[in-house]
2 protein chains.
Amino acid sequence: MKIGDLARAAQCTVETVRYYEREGLLPPPARTAGNYRDYGQEHAERLRFIRNCRALDMSHGEIRSVLALADQPSACCGAVNDVFDQHIAHVAERIRELEHLRRSLLTLRERCRRERTVEDCGILQGLAEMESGPPGRHTHLG
Amino acid sequence: MKIGDLARAAQCTVETVRYYEREGLLPPPARTAGNYRDYGQEHAERLRFIRNCRALDMSHGEIRSVLALADQPSACCGAVNDVFDQHIAHVAERIRELEHLRRSLLTLRERCRRERTVEDCGILQGLAEMESGPPGRHTHLG
DNA sequence: GTTGACCCTATAGTAGCTTCACGGTGTGCA
DNA sequence: TGCACACCGTGAAGCTACTATAGGGTCAAC
């Protein structure tokens, strides 16, 4: 299977596949005589697994942890559960942050219901007056 | 006012201030004989404005639009309202995405309530079986 | 004159890709 | 045989909004 076939199967781009190889998420495949990457079914499954993790917004670090564990069939899966619980907590926290943000934005938006001049715009006045403390840094979810 | 004073006033770092200057968000100030940046009150106000926008997770592009408009006092503020409405829509959409994500994660988490072996872990099985379509790309909100 | 706090520029790193430049490979058709 | 064209290869740069590091200069106090 060539890289284009693999990418199509996993609904991602060829560049992403090569990137995952560089990152060590996907093992380097055999090469053909013409130096083309030659993938098998196991690569397709692993890539699919990775893309599913990414669809859940897991970071490469989280995915690496999960993959490392998945490679030891008889190990205990507690660490997988831990990664998941932490990731769920990340998502929940980011939702809370964004809901707070949305309320702030709507409050500010209310200050200029119809068009006026820039001078009189309640939104711009609000942006000038606000007192936002030090930056609240958030998770890899943005 | 030296850069350190300005940064302290706006609760950000000196590096961030220099970065905003490079990005064209903050105009280059006068320089002292020793080549130190020399800021006035107008810089403090503009930086505060920028930091308030960032606290609302607006992108540099959005901030640039708003600043450009704020610099024309007698113009009509409709475009500011538009930037805000779009930004509020971004936030709302990201909240929806994350809530969907959280439900998926919780469903998957249910598949492995207690520790088992990796082979039998319902989460890992789920990650292998899922069918996530093409990547849903999201806003600058991450 | 020397310490220490502060400032300067330039460069690289972060996450997860995407895009680009430039060139090689393989297949189908005239 | 020659050519077009789709696909593959590498390496480097670009994206966002910073952060960090290296290597050096300025200034006030002691």
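Every chain is numbered from 1 and lettered A, B, ... according to where its sequence line falls, protein lines coming before strand lines. All of these numbers come straight from a predicted model, not from anything done at the bench.
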Report yes if a side-chain nitrogen or oxygen of [X] is closer than 4.0 Å to either non-bridging phosphate oxygen (OP1 or OP2) of [N]; otherwise report no.
{"X": "A/R54", "N": "C/dA15", "value": "no"}
{"X": "A/T16", "N": "C/dT18", "value": "yes"}
{"X": "B/R51", "N": "D/dC18", "value": "yes"}
{"X": "A/H60", "N": "C/dG16", "value": "yes"}
{"X": "B/R22", "N": "D/dC18", "value": "no"}
{"X": "A/R37", "N": "D/dG9", "value": "yes"}
{"X": "B/Y20", "N": "D/dA17", "value": "no"}

Nearest whole Å is fine: how far is [N] [atom2] from [X] [atom1]?
{"X": "B/K2", "N": "C/dC7", "atom1": "NZ", "atom2": "P", "result": "6 Å"}
{"X": "A/Y19", "N": "C/dT18", "atom1": "OH", "atom2": "P", "result": "10 Å"}
{"X": "A/D5", "N": "D/dA6", "atom1": "CG", "atom2": "P", "result": "16 Å"}
{"X": "B/E23", "N": "D/dG14", "atom1": "CD", "atom2": "C1'", "result": "13 Å"}
{"X": "A/I63", "N": "C/dC17", "atom1": "CD1", "atom2": "C1'", "result": "12 Å"}
{"X": "B/M58", "N": "D/dT16", "atom1": "CE", "atom2": "P", "result": "15 Å"}
{"X": "B/I3", "N": "D/dC27", "atom1": "CD1", "atom2": "C1'", "result": "17 Å"}
{"X": "A/E15", "N": "D/dC7", "atom1": "CD", "atom2": "P", "result": "13 Å"}

- Message: Taking the basic N atoms (NZ, or NE/NH1/NH2) and the acidic carboxylate oxygens, is any pair closer than 4.0 Å for A/R48 and B/E129?
- Response: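 Not counted as a salt bridge, because no side-chain N and carboxylate O are separated by less than 4.0 Å.
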- Message: Taking the basic N atoms (NZ, or NE/NH1/NH2) and the acidic carboxylate oxygens, is any pair closer than 4.0 Å for A/K2 and A/D38?
- Response: no
- Just by modelled atom types, is the B/E119 backbone N or O under 3.5 Å from a matching donor or acceptor in the B/Q125 side chain? yes
- Message: How long is the straight-line distance from CD1 of B/I3 back to OH of B/Y39, given to the nearest 0.5 Å?
- Response: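 The distance works out to 4.0 Å.
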- One should read off an interatomic distance between B/L67 CG and B/H60 NE2, to the nearest 0.5 angstrom, of 10.5 Å
For the side chain of [X], starting at C-beta, report the closest nucleotide among [options].
{"X": "A/S59", "options": "D/dG9, D/dC18, C/dG16", "value": "C/dG16"}
{"X": "B/N35", "options": "C/dC8, D/dT19, D/dG9", "value": "C/dC8"}
{"X": "B/R18", "options": "C/dC8, C/dC17, D/dG9", "value": "C/dC8"}
{"X": "B/R31", "options": "D/dC8, C/dT9, C/dC7", "value": "C/dT9"}

- Side chain of B/Y36, base of D/dG25: donor and acceptor closer than 3.5 Å? yes
- Does any non-hydrogen side-chain atom of B/D71 lie less than 4.5 Å from one of B/R46?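 Touching, per the 4.5 Å side-chain cut-off.
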- Between B/R64 and B/G34, which is nearer to the 5' end of DNA chain D once each is assigned its nearest nucleotide?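 Nearest-nucleotide comparison on DNA chain D picks B/R64.
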